[in-house]
Amino acid sequence: MGVMSGPYVIRGAVSLPEAELMWRFSRSSGPGGQHVNTTDSQVELRFDLAATEALPEVWKERALERLEGRLVNGVVSVRSSEHRSQWRNRETAAVRLTSLLAEATAPPPKPRRKRKIPRGINERRLREKKQRGDTKRGRSGRDW
């Protein structure tokens, strides 16, 4: 097995544990000539999100909730078959999985605070609106 490029960092100090990643290789469709018929270059990477201990509890709950449509029995899977080499497909799949998890575990955005629109700005808007309406009304040639 080739050397993979290091731990797959999700965010901060949290990374995907190599031991919990399940790899599956199969024949890939698409271009590649006779090479494609003989090598298992398509990669499927599976990660048991429900059972993992690698993620902080809060992150895990968040990810389970956000990815619920993609999960099969708590397992998230990513596929890659763009490249002709298995190694590059593995890299792509791992990167895809980490970015998927990074997105799913991200904290929710801060709620928007409503602020009052200054009176002057509102008045100017209404004035300009009225002026625009007058301009348009002037275009209809009904009072020739």
Side-chain angles (χ1 to χ4, degrees), residues 1-140:
M1 196 158 105
V3 179
M4 298 303 286
S5 61
Y8 301 108
V9 178
I10 296 174
R11 200 170 51 251
V14 181
S15 57
L16 280 177
E18 194 70 54
E20 290 185 30
L21 299 179
M22 295 168 277
W23 299 92
R24 221 173 78 200
F25 309 103
S26 53
R27 303 269 157 92
S28 185
S29 63
Q34 283 141 6
H35 172 76
V36 95
N37 305 329
T38 58
T39 53
D40 293 343
S41 59
Q42 175 171 287
V43 171
E44 187 186 356
L45 174 57
R46 294 165 62 219
F47 178 65
D48 195 340
L49 190 56
T52 187
E53 296 292 318
L55 299 177
E57 205 51 46
V58 189
W59 286 25
K60 195 160 124 178
E61 281 166 25
R62 223 180 270 158
L64 285 169
E65 196 178 305
R66 289 188 189 163
L67 298 175
E68 110 189 287
R70 280 194 68 145
L71 299 175
V72 181
N73 300 331
V75 176
V76 64
S77 71
V78 175
R79 221 183 226 144
S80 171
S81 60
E82 291 84 80
H83 306 294
R84 281 180 57 174
S85 100
Q86 187 195 91
W87 189 79
R88 284 180 60 197
N89 278 332
R90 287 174 79 152
E91 289 293 293
T92 311
V95 166
R96 238 180 242 167
L97 183 64
T98 48
S99 61
L100 183 73
L101 288 174
E103 216 169 280
T105 57
K110 286 198 172 96
R112 188 171 169 272
R113 304 241 297 272
K114 273 188 164 179
R115 294 214 164 77
K116 198 170 183 313
I117 297 169
R119 190 156 144 219
I121 288 178
N122 209 21
E123 281 174 1
R124 186 178 69 200
R125 181 182 65 87
L126 293 173
R127 216 178 22 253
E128 285 170 1
K129 212 166 138 72
K130 190 155 210 52
Q131 206 174 355
R132 185 99 181 111
D134 290 343
T135 306
K136 289 188 172 189
R137 204 174 301 113
R139 286 184 191 152
S140 66

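Note: hydrogens, waters and symmetry copies are ignored here, and every other heavy atom, side chains too, is used.
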Judged by atom type as modelled, is there a donor-acceptor pair below 3.5 Å linking the side chain of [X] to the main-chain atoms of [Y]?
X     : Y      : value
Asn89 : Ser41  : yes
Arg70 : Val76  : no
Arg66 : Ala104 : yes

Mind listing the closest non-hydrogen atom pair of [X] and [Y] along with its distance?
X     : Y     : answer
Ser80 : Arg96 : CA-NH1, 4.0 Å
Lys60 : Ala51 : NZ-C, 4.2 Å
Leu45 : Ala94 : CD2-CA, 3.7 Å

How would you list, by chain and number, every residue that makes a side chain to side chain donor-acceptor pair (under 3.5 Å) with [X], sequence neighbours excluded?
X      : value
Ser26  : Gln42
Arg124 : none
Asp134 : Arg137

Would you say [X] has more than 12 foreign heavy atoms packed within less than 6.0 Å of its [atom1]?
X      : atom1 : value
Arg88  : CZ    : no
Glu103 : CD    : no
Glu65  : CD    : no
Ile117 : CD1   : no

* Asked: Is the closest side-chain heavy-atom distance between Leu67 and Leu101 below 4.5 Å?
  -> yes
* Structure fact -> Between the OG1 atom in Thr92 and the NE2 atom in His83, the distance rounded to the nearest 0.5 Å is 3.0 Å
* Rounded to the nearest 0.5 Å, what separation is found between the CD atom of Gln86 and the CZ atom of Phe25? -> 4.5 Å
* Asked: In terms of side-chain heavy atoms, does Arg125 have a donor or acceptor partner in Asn122 at a distance below 3.5 Å?
  -> yes
